[in-house]
Number of protein chains: 2
Amino acid sequence: MITVGLLEKYGVIKRSFDKNDIIFEEGNLPLHYYQIISGEVKMSNYNDDGREFIQGIFYNGQSFGEPPLFLNQKYPANAIAVENTELFILPKENFMKLLEENPKVSIQIIENLAQRLYYKSIMAAEISTHEPEHRVLKLIDHGIAYFNFQKDKNGYFINFTRQQIGDLTGLRVETVIRTIKALEKKGELKIINRKVYR
Amino acid sequence: MITVGLLEKYGVIKRSFDKNDIIFEEGNLPLHYYQIISGEVKMSNYNDDGREFIQGIFYNGQSFGEPPLFLNQKYPANAIAVENTELFILPKENFMKLLEENPKVSIQIIENLAQRLYYKSIMAAEISTHEPEHRVLKLIDHGIAYFNFQKDKNGYFINFTRQQIGDLTGLRVETVIRTIKALEKKGELKIINRKVYR
DNA sequence: TGCATTTTATGACTTTAATCATAAAACGGG
DNA sequence: CCCGTTTTATGATTAAAGTCATAAAATGCA
């Protein structure tokens with residue numbers, strides 16, 4: 001996250017997106033740095049028969065879509081507003097200038113990318129070698145640490161739909177529904193009128 | 001990749017590892033920056049029944065294991081020498097000092113992390129939503145661009161065993177063997193005395 | 001050069017999650 | 001508050017990759 005003051009100094013603009021609006025598309029060349037003011041953004045891929053894989057979900061203060069910006073490569077996924085969302089948008093050249101002139105920001109960018117790599121390392125290993133229960137639980141536990149799940153008297157409220165959990169773990173909705181039921185039976189999590197707590 | 005001169009200025013040491021030696025283990029706290037002088041290193045996870053998932057393979061000049069170093073988190077995977085390997089090793093404090101005092105290195109680190117995130121984004125989507133043929137082909141094509149595959153008269157020589165391809169794509173050896181045969185039949189790649197070319 | 005190990009190979013079978021069908025409950029915009 | 005949409009739910013069936021068994025070819029190191 002880059003401070004508002006600094007962004008403004010380099011000519012940032014604000015832009016609003018409605019729920020389900022596309023922010024950028026897979027295959028396009030990156031031209032901007034994006035940082036969330038409010039709302040929620042997902043980055044995801046669709047395979048040939050329309051099945052979705054969610055690469056990540058981003059909230060207030062977080063940036064997304066930088067890797068291909070640094071590499072001059074095409075976006076490997078789409079960015080879509082999950083809710084009405086307001087963004088800071090900075091043209092690539094301005095962003096690069098900002099980085100050069102503010103070395104401390106580089107460290108923040110590094111930490112941010114490191115954090116995302118860490119998440120992907122964990123989920124990649126989960127998705128390729130673990131059964132559904134393990135995968136779902138790992139996602140949830142990671143989410144408690146890094147997504148914005150809130151704790152109340154029932155425990156942490158897992159603010160994802162079954163479909164989203166499936167799209168993040170490579171499982172189908174029905175499998176997620178059955179897996180969550182099984183995890184509840186084992187006492188690993190609670191279902192209180194259809195909402196999941198851990 | 002950080003230049004030798006700079007590394008030496010900050011007190012780097014050299015160390016040799018034999019084939020199959022463990023460089024660091026999952027769960028340990030990172031204490032050093034590692035950069036390969038010669039040889040080959042893999043980072044991988046093992047699940048409860050010993051099944052391996054390879055997070056990445058690294059060659060001459062490449063560094064590995066930085067993300068948890070920046071985050072003060074435990075290593076999410078093991079690092080193992082695939083062949084006899086020589087490494088530059090720099091203690092964490094020295095590495096951080098190097099970064100602070102040499103802002104341009106930050107940009108290189110950023111580009112490196114961005115590259116690895118890009119690879120992981122692609123493979124994560126592959127592993128969770130595509131069939132074996134698509135996964136194997138995508139890995140191979142990515143490998144041609146980013147691993148050190150050599151081109152000869154038969155095409156690019158895919159310098160991976162079937163087992164390695166399986167461990168990188170979340171498939172079993174037998175499945176990889178059958179998939180590669182199927183891809184050859186379709187003309188997507190060549191098998192010349194058991195070696196794979198594309 | 002000989003022999004143990006690794007890699008590739010193939011067939012039979014099994015298991016697990018995907019698929020398909022259907023529906024009730026909950027949500028949300030007009 | 002009504003009605004279309006989304007989300008959760010459940011059972012039956014299927015398909016695809018995993019598992020198991022076995023072996024030949026290739027590799028490598030002692």
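Residue numbering restarts at 1 for every chain, and letters A, B, ... go by the order of the sequence lines. Please read these numbers as outputs of a predicted model, since none were measured by experiment.
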Inset, instruction - May I ask you to check whether Phe149(B) and Tyr156(B) place their ring centres under 6.0 Å from each other? - result: no

Does a side-chain N or O of Thr161(A) approach OP1 or OP2 of dT7(D) to a distance below 4.0 Å, or not?
no

- [ ] Describe the nucleic acid contact of Arg135(A) in one word from base, sugar-phosphate, nothing, applying a heavy-atom distance below 4.0 Å.
- [x] nothing

note: Ile127(A), atom CD1; dA17(D), atom P; distance rounded to Å ~ 17 Å

Glu174(A) CD to dT8(D) P, in whole Å, measures 12 Å

- Item | Below 4.0 Å: OP1/OP2 of dA17(C) and any side-chain N or O of Arg172(A) | no

Quiz item: Arg51(B) side-chain donor-acceptor pair to dG18(D) base, under 3.5 Å: no

From CD1 of Ile177(A) across to P of dT19(C) the rounded distance in Å is 14 Å

* To do: Just call it for Gly166(A): base, sugar-phosphate, or nothing, with non-hydrogen atoms closer than 4.0 Å on any strand.
  => nothing

The answer to which of Asn193(A) and Pro132(A) contacts DNA chain C further toward the 5' end, by nearest nucleotide, is Pro132(A)

Asp167(A) atom CG is separated from dA17(C) atom P, nearest whole Å, by 17 Å

| query | Under a single-linkage definition using a 4.5 Å side-chain heavy-atom cutoff for Ile, Leu, Val, Met, Phe, Trp and Tyr, are Met96(A) and Leu113(B) assigned to the same hydrophobic cluster? | reply | yes

Problem set entry | Touch class at under 4.0 angstrom, heavy-atom based, for Lys19(A) against every strand present | nothing

Asn159(A) CG to dT7(D) P, in whole Å, measures 12 Å

Note to self: Ring-plane angle category for His142(A) and Tyr146(A), please: parallel below 30°, perpendicular beyond 60°, tilted otherwise.
What the structure shows: tilted

Distance test, side-chain N/O of Thr175(B) to OP1/OP2 of dG18(D), below 4.0 Å = yes

- Task: Evaluate the side-chain proximity of Leu99(B) to Ile109(B): yes if any heavy-atom separation is below 4.5 Å, no if none is.
- Result: yes

ring-ring contact (aromatic ring centres under 6.0 Å, His included) test vs Tyr34(A) passes for just one of Phe24(A), Phe17(A), Phe88(A), namely Phe24(A)

- prompt: Going by an N to O cut-off under 4.0 Å, is there a salt bridge joining Glu101(B) and Lys97(B)?
  reply: yes

In whole angstroms, the gap separating P of dC29(D) from CG of Asn84(B) amounts to 9 Å

Test side chain to side chain contact (heavy atoms under 4.5 Å, CB included), reference Thr179(B), set Thr169(B), Val136(B), Leu137(B), output is Val136(B)

Q) Can we call the ring centroids of Phe160(B) and Phe147(B) under 6.0 Å apart? A) yes

Regarding the side chain of Lys181(A), the nearest nucleotide among dA9(D), dT27(D), dG18(D) is dA9(D)

Check: protein-nucleotides 22-25 of chain C nitrogen or oxygen pairs below 3.5 Å:
unit_1  : atom_1 : unit_2    : atom_2 : d
dA25(C) : O4'    : Arg194(A) : NH2    : 3.3

note: Gln164(B), atom CD; dT6(C), atom P; distance rounded to Å ~ 14 Å

Of dT10(C), dA17(C), dT19(C), the nucleotide closest to the side chain of Arg178(A) is dT19(C)

When rounded to whole Å, the CG to P distance for the pair Asn20(A) and dT5(D) reads 14 Å

task = Answer yes or no: does a side-chain N or O of Arg162(B) lie under 4.0 Å from OP1 or OP2 of dA9(C)?
result = yes

